[in-house]
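Each remark here refers to the structure printed beneath this line.
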Amino acid sequence: MRLHRNLVYTTIDALNAIFNEGEYADKVVARSLKKDKRWGSSDRKFVAETIYEIVRWKRLYAEIAEVKEPFDRDNLWRMFSVWAVLRGYPIPDWRQLEGTPERKIKGRFDELSKVRALKESIPDWMDELGVKELGEKVWATEIAAQNQPAKVILRTNTLKTTKEQLRAILMDLNIETEYLKDQPDALVLKERANVFLTDAFKQGFFEVQDANSQLVAAFLDVKPGMRIVDTCAGAGGKTLHIAALMENKGQLIAMDLYESKLKQLKLRAKRDGAFNIEYRIIDTTKVIKKLHEKADRVLIDAPCSGLGVLKRNPDAKWKLQPEFIDNIRKVQAEVLENYSKIVKPGGKLVYATCSILPSENQEQVKKFLTTDIGKQFNFIKDRKILASESGFDGFYMALLERKESIEQKEKRVQKEIE
């Protein structure tokens, strides 16, 4: 086990882009992996995992290395040396790593690990907010779970194949997977692999989607032939799942504020063979008004803090600010009020976030049900999922049903019979 200079240099360059130039870790990692075509899978794995590890533990490593932002290259090398010592790598005799104080690093790690915000490497404000909303015990176990690397989960595209067939195809490529209990379409990779390079991915046999994210579309109680609106579709992971559950029968309207995201969704839908999707950019309020009381099902996958998905987005710990969370709660309330009007009487709505904070979840739903439009809905059920309990991302989803008069119900039943 030894360090290779070109891999470490690439890692340092990547950390500089993430910490000092504000780039997103996933984009930087993707770019870094293309740097040298001669690299094998173990080289690529080292680069990707080391970048993410140092991003994840930035605060702790900076404290141990006694460096402060903005980090110059010497600072980044000192943080890298902390990572290397704590991971048990022999320190090579490179100029940048001269005089690495191995004993001091281990001592500082033991000392600083007594303070949770340092041990879990998070900002103080985030630690305080977690305790306030979830309580000391739940927050401590949850933030520890959020610091574990995310597993790679596939969602079988049932428009093209079955879970069993997909598993066999991947097995032929030496990619081993396991089934997940109570998850009809999910496969978990036993070891990380670049599944995007496989023909199975290019042919649209699967999407990469967290196990708990795969629960949202099912929670919506989708049936073929319905009119369904995904109001915050983004690049469309859940939209594509809904299309598969609809068996391409019926109308699925994918909406978003950003045209660029819907363009990504179009490309993914084409690959997946999902052809019952319509795309609408929310550029005026008319787009929403035209759909008032028209949909059987509405998904509001609301913008949120993302505090449930830190294990796959560790740089969010450093990009997120308390003011953003205050603002996003207001946005969530507005989105719920405006987009809920799309649900027709007797139809259902799912409000979902990838946050674990009650103020973004249960409390938002509770508040919504007291508004004029919210009083037209019945609360059916909700589900709160913590990473510490499930091993996957933290999620929240609530199912609401719009009330209907006896006359409306009779008309709907008659129409269903016809």
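Side-chain contact of Trp57 with Asn147: a donor-acceptor pair under 3.5 Å is absent, judged by distance alone. Donor-acceptor pairing under 3.5 Å is lacking for the side chains of Gln214 and Gln209. In summary, the side chains of Glu21 and Asn16 do present a donor paired with an acceptor at a separation below 3.5 Å, with no hydrogens or angles considered. With no hydrogens or angles considered, a side-chain donor-acceptor pair links Ser359 and Arg329 at under 3.5 Å. Donor-acceptor pairing under 3.5 Å is recorded for the side chains of Asp382 and Tyr396. Using modelled atom types and a 3.5 Å distance limit, the side chains of Glu360 and Thr353 yield no donor-acceptor pair.
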Step-by-step side-chain contact (heavy atoms from CB on, under 4.5 Å) determination, Val195 to Val208 | CA-CA 9 Å; Val195 291; Val208 174; 3.9 Å; yes
Show the numbers, then the answer: is there a salt bridge (Lys or Arg N to Asp or Glu O under 4.0 Å) between Asp296 and Lys348?
-> CA-CA 6 Å; Asp296 299 294; Lys348 292 177 182 176; over 6 Å; no
Residues Leu154, Glu207; criterion side-chain contact (heavy atoms from CB on, under 4.5 Å); working and verdict | CA-CA 6 Å; Leu154 311 182; Glu207 292 287 338; over 6 Å; no
Would Asp256 and Tyr279 satisfy side-chain contact (heavy atoms from CB on, under 4.5 Å), going step by step from the backbone distance to the final call?
-> CA-CA 8 Å; Asp256 204 86; Tyr279 307 90; over 6 Å; no
Under the salt bridge (Lys or Arg N to Asp or Glu O under 4.0 Å) rule, what do Glu69 and Lys58 come out as? Steps first, then yes or no, please.
-> CA-CA 10 Å; Glu69 291 186 86; Lys58 180 181 86 163; 3.1 Å; yes
Take Leu7 and Asp36 through the test side-chain contact (heavy atoms from CB on, under 4.5 Å) and record every step on the way to the result.
-> CA-CA 10 Å; Leu7 301 180; Asp36 194 330; over 6 Å; no
Stepwise salt bridge (Lys or Arg N to Asp or Glu O under 4.0 Å) test for Lys119 and Asp110 = CA-CA 9 Å; Lys119 179 189 175 188; Asp110 292 340; over 6 Å; no
Between Glu278 and Arg280, does a salt bridge (Lys or Arg N to Asp or Glu O under 4.0 Å) hold up when you go through it step by step?
-> CA-CA 7 Å; Glu278 288 181 28; Arg280 298 189 193 176; 2.9 Å; yes
Return a table of donor-acceptor pairs under 3.5 angstrom between the side chains of residues 222-234 and protein atoms on other chains or two or more places apart.
from	atom 1	to	atom 2	distance (Å)
Lys223	NZ	Asp221	OD1	3.0
Arg227	NE	Gln251	OE1	2.5
Arg227	NH2	Gln251	OE1	3.1
Asp230	OD2	Thr239	OG1	2.7
Thr231	OG1	Leu299	O	2.8

Going by atom type alone, with no hydrogens or angles, which donor-acceptor pairs under 3.5 Å involve a side-chain atom of residues 41-49 and a protein atom two or more places apart or on another chain?
from	atom 1	to	atom 2	distance (Å)
Asp43	OD2	Gly40	N	3.1
Arg44	NH1	Leu33	O	3.1

Contacts table for residues 166-176: side-chain donor-acceptor under 3.5 angstrom, sequence neighbours left out:
from	atom 1	to	atom 2	distance (Å)
Arg167	NE	Thr177	O	3.0
Arg167	NH2	Thr177	O	2.9
Glu176	OE1	Lys190	NZ	3.4

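For Ala243, the side-chain contact (heavy atoms from CB on, under 4.5 Å) criterion is met by Leu252, Ala274, Asn276, Ile277, not counting sequence neighbours. The ring-ring contact (aromatic ring centres under 6.0 Å, His included) test applied to Phe80 returns Trp83, not counting sequence neighbours. By the side-chain contact (heavy atoms from CB on, under 4.5 Å) test, Leu215 pairs with Gln183, Asn212, Arg383, Ile385, Met397, sequence neighbours left out.
Of all heavy-atom pairs between Val365 and Ala398, the closest is CG2-CB, 3.8 Å. Shown here for Lys319 and Gly22, the closest heavy-atom pair between the two residues is CE-O, 3.6 Å. Residues Ala295 and Val298 come closest through the heavy atom pair CB-CG2, 3.8 Å. Here the closest non-hydrogen pair linking Trp94 and His4 is CH2-C, 3.8 Å. Taking every heavy atom of both residues into account, Gly273 and Leu159 meet most closely at O-CD1, 3.7 Å. Between Ile122 and Lys317, the closest heavy-atom pair is CG2-CD, 3.6 Å.
Remark: Asp393 does not engage Lys311 in a salt bridge, criterion side-chain N to carboxylate O under 4.0 Å. Between Arg312 and Asp26 no salt bridge is recorded (no basic side-chain N to carboxylate O distance below 4.0 Å). Glu363 has no carboxylate O lying under 4.0 Å from a charged side-chain N of Lys366, or vice versa, which leaves the two without a salt bridge. Checked for salt-bridge contact, Glu404 and Arg402 miss the test: no charged N lies under 4.0 Å from a carboxylate O.
Aromatic ring centroids of Phe368 and Tyr351 lie 6.0 Å or more apart.
Contact check for Leu129 versus Trp125: side-chain heavy atoms found under the 4.5 Å cut-off. A heavy-atom distance below 4.5 Å is found between the side chains of Gln364 and Lys367. Proximity of Glu128 to Asp124: side-chain heavy atoms (C-beta onward) are separated by under 4.5 Å at one or more points. Within the 4.5 Å cutoff, the side chain of Ile288 has no heavy atoms near those of the Lys341 side chain. Proximity of Cys354 to Cys304: side-chain heavy atoms (C-beta onward) are separated by under 4.5 Å at one or more points. In this structure, the side chains of Leu134 and Pro358 come closer than 4.5 Å at one or more pairs of heavy atoms.
Remark: side-chain polar atoms of Ser121 are not paired, donor with acceptor, to backbone N or O of Leu118 under 3.5 angstrom. Listed for the Gln96 side chain is no donor-acceptor partner under 3.5 Å among the backbone atoms of Trp77. Counting only distance, with no hydrogens or angles, the side chain of Glu337 and the backbone of Ile373 share no donor-acceptor pair below 3.5 Å. Checking side-chain atoms of Lys160 against main-chain N and O of Gln203 turns up a donor-acceptor pair under 3.5 Å. With hydrogens and angles ignored, the 3.5 Å screen pairs no side-chain donor or acceptor of Arg116 with any backbone N or O of Asp127. One N or O on the side chain of Lys403 and one on the backbone of Lys375 form a donor-acceptor pair closer than 3.5 Å. No donor-acceptor distance shorter than 3.5 angstrom exists from the side chain of Ser305 to the backbone of Ser355, with no hydrogens or angles considered. Side-chain N or O atoms of Trp318 include one that pairs as donor or acceptor with a backbone N or O of Val55 at under 3.5 Å. Judged by distance alone, with hydrogens and angles left aside, the side-chain atoms of Gln165 form a donor-acceptor pair with the main-chain N or O of Thr162 at under 3.5 Å. Remark: side-chain polar atoms of Asp185 are not paired, donor with acceptor, to backbone N or O of Arg155 under 3.5 angstrom.
Below 30°, between 30° and 60°, or above 60°: for Phe201 and Phe206 the angle between ring planes is between 30° and 60°, a tilted geometry.
How far CG of Asp13 is from CZ of Arg31: 9.5 Å, rounded to the nearest 0.5 Å.
For OH of Tyr258, the number of neighbouring non-hydrogen atoms (other residues, nucleotides, ligands) closer than 6.0 Å is 12 at most. With a 6.0 Å radius and a threshold of 12 heavy atoms from other residues, nucleotides or ligands, Lys202 has its NZ atom above the threshold.
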